[in-house]
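Excluded from the calculations below are hydrogen atoms, water molecules and symmetry mates; all remaining heavy atoms, backbone and side chain alike, are included. Position 1 is the first residue of the sequence; numbering continues from there.
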Amino acid sequence: MNLKEARIEVEKLTNELNKHNHLYYVENNPSISDYDFDMLLKRLQDLEQQFPELASANSPTKRVGGDITKKFETVVHKYPMLSLSNTYSEEEIEEWVTRVKKQVEDDLEYVCELKYDGVAIGIQYVNGELKQAVTRGDGSQGENVTNNVKTIRTIPLSLKGDFPEDFEIRGEIFFPLKNFQKLNEQKREAEEQEFANPRNTASGTLKMQDSKVVAKRGLDCFLYGVYGTGNLREGHYETVQKVADWGFKIPPNSKRYIEKTNSVEGVMDFIHYWDKERANLPFEIDGIVIKVNKYHKQEELGYTAKSPRWAIAYKFKAERVETVLEQVTYQVGRTGAITPVANLKAVQLGGTTVQRASLYNADQIEKLDLYENDSVFVEKGGEIIPKIVGVNLDKRAKDAKKIKFIEHCPECKTELVREEGEAHHYCPNSKACPTQIKGRIEHFISRKAMDIDGIGAETVDALVEANLISNYSDLYTLTFDQVVNLERMADKSANNLLEGVRKSKEQAFPKVLFGLGIRFVGETVAKKLAKSLKNINALQKADFEQLIAVDEIGDRIAESIIAFFAEESNLEIVEKLKSLGLKFEVEEKENSSDKLDGKSFVVSGVFTAFSRNELKELIETNGGKNVGSISKKTDYVLAGDKMGPSKLQKATDLGITILSEDEFIALLNG
Ligand code: IVH
């Protein structure tokens, strides 16, 4: 292929990818499968590698990140980024309305918007191309975070339609709660410090040097202001609606109120509605913004030094309650990590009863400066478990004692250790501490690991306490008589247990590896290790250099793996599991590939060359997965004869690629 041909194809791919990105992320209405999208992206990546001169600053390949920002340069805002005057009182909102009405006698319209709790951003577009994205900073100058902003899928890189030549759009970058919770789950799994709240994390993420990491975190953005377009429309509300035509994702919850139809009540209703309903939003808001809609009225009202007179923010009182800290208890994890938990006097918060709050570690207790029986403030912040955010010092008793972190394991009384640079205290008695023993076995049987049906935490307790097992390999040598003699164990459940254990021998190597419970080796890491090293012997023999050469494996994980295999007892357990027939190598099935890696299939109907089960097996051996029913997440429907018309219709409606048996085979061979 020559440069000229490549240029044509790059242009075509860019347009297509931009279109599908918009359909997927902005309109929630994808028209091709993830797989097809990835293939188009991959093709563009390949071409850009082959012809680097064709890789543009706004290529859709920028979405996955890769650009590094060593230093965020300072940029002066063309239009100062003002703040909003705000209030917690409804009365003051009414007073503001009265003031506005005095000045703006007729033609008054308000717009009510949600006040997104994130980081303000100003994005400049020149000739329809994203040129620069700058944080608010001090309002007159901010930081250039363009590389990172380009990874946010809902922000268009190139515009469509009749956009002005040079303008700026402003909005708020935020962390969707689902993605924030996922990130913290990963932190927990890696035994790292969790992030405190979505807003600060969004702000921190935006200032990371490696845009690849930013891309993975899944930030999002809502837009709330357009600058430098001239009076494109008469008012703010109409302008924001209009920019959707250029490819922007605009906030779905804004409302316009026209004065003659009793707008103050409208505004108040909006406030009341969202004060309740915000608990159900997939992102955090901290209030409502009320703006005068028409631009000529905004100009009439003007600005103070800091904020426009034509807008005001009503801030919700944080969902915060005060209650008594009754006791701090300590949990021991399977790796020996100690987590302090605040036991609180039961209190209502955001519609649920709260009795416990996470305290994370000793530093957190120190930071809060907690004393026994303190009266504490509790908030919910993006996390499911609430947290203590402060202490009411007025209520502290004079003779109150400071909370002292325990020095011995609450379960086995061994002295705790805290290594330098580690956030957690640990119980070093990993071999004999009963909670750690049980924790490791529970981890081993959990769904993401060996997925053993028929055993729950209580059964594990009973088995350990009866001295029938002391590590997970012992599960495989249990006998019916041993199990059935446990309390509350009938014949049937004993058989189920043994059957579940027996069946678990079929689990693939990555699951076994995850199940071993090596510190910092979470599900994803286990998969990466298995894929790269193929079997346990190679993993066992791998040195530090080999380990960190594996994708996403860092120093800490490598050291932990080496430490695990340096332990004689771990080697014995692994050997025993091997001899029992568990899978310690990846299965390279005949004809296997990763052609369908990560793709989900629904197989339905009657086929000619293969049976339905054979097709399902083919999907799995080539890296795909089978799912039961069609949803937005399905990539392909493999349709045979006599597939139900409603299924077919659903697949068509969702824009899922429908394959015939022949097309599927062609896909595998092609
Ligand atoms: S308008 C001149 N609208 O709140 C006024 N701001 O406290 C420009 N914010 O810096 C801002 N949601 O970061 C506006 N719907 C919304 C908003 C919003 C959140 C943030 C924004 C601003 C801060 C002011």
Side-chain angles (χ1 to χ4, degrees), residues 183-195 208-210 212-213 216 331-339 360-363 409 414-433 435-437 439-444 446 448-449 471-473 509-575 577-578 584-586:
L183 178 66
N184 263 351
E185 203 174 291
Q186 286 165 0
K187 289 269 148 195
R188 258 195 301 279
E189 211 170 70
E191 292 175 47
E192 286 171 21
Q193 179 86 42
E194 288 171 44
F195 291 106
M208 293 179 85
Q209 296 195 335
D210 187 353
K212 249 203 188 110
V213 183
K216 281 195 189 138
Q331 287 175 344
V332 187
R334 69 182 160 85
T335 60
I338 309 287
T339 311
Y360 305 109
N361 53 44
D363 289 346
C409 175
T414 306
E415 191 173 345
L416 301 179
V417 292
R418 185 182 183 182
E419 269 154 44
E420 218 181 285
E422 293 265 357
H424 283 103
H425 284 74
Y426 284 90
C427 166
N429 183 23
S430 65
K431 280 202 202 107
C433 179
T435 316
Q436 289 184 60
I437 292 173
R440 284 194 295 269
I441 299 169
E442 275 171 32
H443 170 78
F444 184 81
S446 67
K448 286 182 183 173
N471 67 63
Y472 39 68
S473 73
F509 176 44
K511 290 191 125 196
V512 180
L513 181 53
F514 173 59
L516 295 181
I518 304 172
R519 252 178 101 186
F520 311 130
V521 177
E523 202 190 1
T524 322
V525 170
K527 279 187 191 154
K528 301 253 170 190
L529 287 168
K531 197 168 170 191
S532 165
L533 292 162
K534 309 280 188 239
N535 61 59
I536 194 96
N537 295 344
L539 182 67
Q540 218 165 308
K541 277 199 238 119
D543 61 18
F544 184 79
E545 297 304 322
Q546 271 172 293
L547 288 169
I548 58 169
V550 179
D551 186 25
E552 285 191 34
I553 309 300
D555 296 9
R556 247 163 45 113
I557 301 175
E559 277 163 13
S560 165
I561 294 167
I562 292 169
F564 181 87
F565 289 112
E567 186 82 45
E568 194 56 41
S569 57
N570 288 335
L571 294 177
E572 277 167 24
I573 293 174
V574 169
E575 280 312 310
L577 290 174
K578 269 189 208 167
F584 279 103
E585 58 186 6
V586 285

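- Between I437 and N471, every side-chain heavy-atom pair lies at or beyond the 4.5 Å cut-off.
- Taking CG of L513 as the start and CG of N535 as the end, the distance is 11.0 Å to the nearest 0.5 Å.
- Distance check, rounded to the nearest 0.5 Å: CD of E575 to CG of N570 gives 12.0 Å.
- The two residues Y426 and T335 come nearest to each other via the heavy atoms CD2-O, 3.6 Å.
- Of the inter-residue distances, the one linking L529 atom CG with D551 atom CG reads 10.0 Å to the nearest 0.5 angstrom.
- Of all heavy-atom pairs spanning F565 and Q540, the tightest one is CD2-CG, 3.4 Å.
- The shortest heavy-atom contact between V332 and C433 is CG1-SG, 4.4 Å.
- E422 has a carboxylate O that lies under 4.0 Å from a charged side-chain N of R519, or vice versa, which qualifies the two as a salt bridge.
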Discussion item. Side chain to side chain contact (heavy atoms under 4.5 Å, CB included) for L539 and L547? Distances and angles first, verdict last.
Written reply: CA-CA 8 Å; L539 182 67; L547 288 169; 3.9 Å; yes
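- Under a 3.5 Å cut-off, the side chain of H425 and the backbone N or O of C409 do not form any donor-acceptor pair.
- For the atom pair L183 CG and F195 CZ, the distance stands at 5.0 Å (nearest 0.5 Å).
- Between A558 and I548 the shortest heavy-atom distance is CB-CG2, 3.8 Å.
- Nearest approach of A423 to R418, heavy atoms of both residues: O-NH2, 3.5 Å.
- Note that the CG atom of L516 and the NZ atom of K511 stand 14.0 Å from one another [nearest 0.5 Å].
- Using a 4.5 Å cut-off on side-chain heavy atoms (C-beta onward), I536 and K578 make contact.
- Figure legend: cation-pi geometry between R334 and Y472 absent, as NZ or CZ is not positioned both under 6.0 Å from the six-membered ring centre and within 45° of its axis.
- With rounding to the nearest 0.5 angstrom, the CD atom of E567 is 12.0 Å from the CD1 atom of I518.
- Nearest heavy-atom pair across F514 and G522 is CD1-C, 3.4 Å.
- For the pair K216 and D210, the salt-bridge criterion is not met [side-chain N within less than 4.0 Å of a carboxylate O].
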Discussion item. Using the rule given for side chain to side chain contact (heavy atoms under 4.5 Å, CB included), can you reason through D555 versus F544, listing the C-alpha separation, both sets of side-chain angles and the distance that settles it, and then say yes or no?
Written reply: CA-CA 8 Å; D555 296 9; F544 184 79; 3.8 Å; yes
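- Contact annotation: the side chain of E572 never approaches that of S473 to less than 4.5 Å [non-hydrogen atoms, C-beta and beyond].
- The existence of a salt bridge linking K527 and E552 is excluded, since no basic side-chain nitrogen approaches an acidic carboxylate oxygen closer than 4.0 Å.
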Item to complete: Take L533 and K541 through the test side chain to side chain contact (heavy atoms under 4.5 Å, CB included) and record every step on the way to the result.
Response: CA-CA 10 Å; L533 292 162; K541 277 199 238 119; over 6 Å; no
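- With D543 contributing its side chain and Q546 its backbone, the two residues share a donor-acceptor pair below 3.5 Å.
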